[in-house]
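Everything on this sheet refers to the single structure shown next.
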Amino acid sequence: MFVDLAGEISRSFKVSSNTLINTSASLGWRYQVLDNTIASQVALADTDQAGLVAQTTDFERNRVMVGGNLSTTLFDSVDVFVKYRGEFGSNITNNRISGGVEGTF
């Protein structure tokens, strides 16, 4: 479970008489509330030895989150967009870029 605290700003720019570019940027903080580290111990039957111990990754509790969007309308019913999302901590770095074309009919 996470707790997020974030803010976003956005602005539209008129490039020409019929072209509008929409932009936004976000900055946030994410805190992981629950401890998700799990340790499992496995041993062979009829043995007194401890066997194998496996532990999950210790997740970064505090993370900085950043993002940005850029979109425009090409035609009356066709939009083009690009999005960036990043997550950064002392032992985590995630970057994601996505884009696409949306149309209505």
Could you list the donor-acceptor pairs under 3.5 angstrom formed by side chains in residues 66-83, with sequence neighbours left out?
unit_1: Asn69; atom_1: OD1; unit_2: Arg85; atom_2: NH1; d: 3.4
unit_1: Asn69; atom_1: OD1; unit_2: Arg85; atom_2: NH2; d: 3.4
unit_1: Asn69; atom_1: ND2; unit_2: Ser24; atom_2: OG; d: 3.1
unit_1: Thr72; atom_1: OG1; unit_2: Leu20; atom_2: O; d: 2.9
unit_1: Thr73; atom_1: OG1; unit_2: Asp79; atom_2: OD1; d: 2.7

- Task: Write down the atom of Gly86, the atom of Asn95, and the distance for their closest heavy-atom approach.
- Result: CA-OD1, 4.3 Å

- CG/Asn91 to CZ/Arg63 distance, rounded to the nearest 0.5 angstrom? 8.5 Å

- Paired with Trp29, the side chain to side chain contact (heavy atoms under 4.5 Å, CB included) test is passed by just one of Asp4, Asn62, Val64, namely Asn62

- Message: Hydrophobic clusters here meaning ILVMFWY residues chained together by side-chain heavy-atom distances under 4.5 Å, can you tell me if Leu27 and Phe88 are in one?
- Response: yes

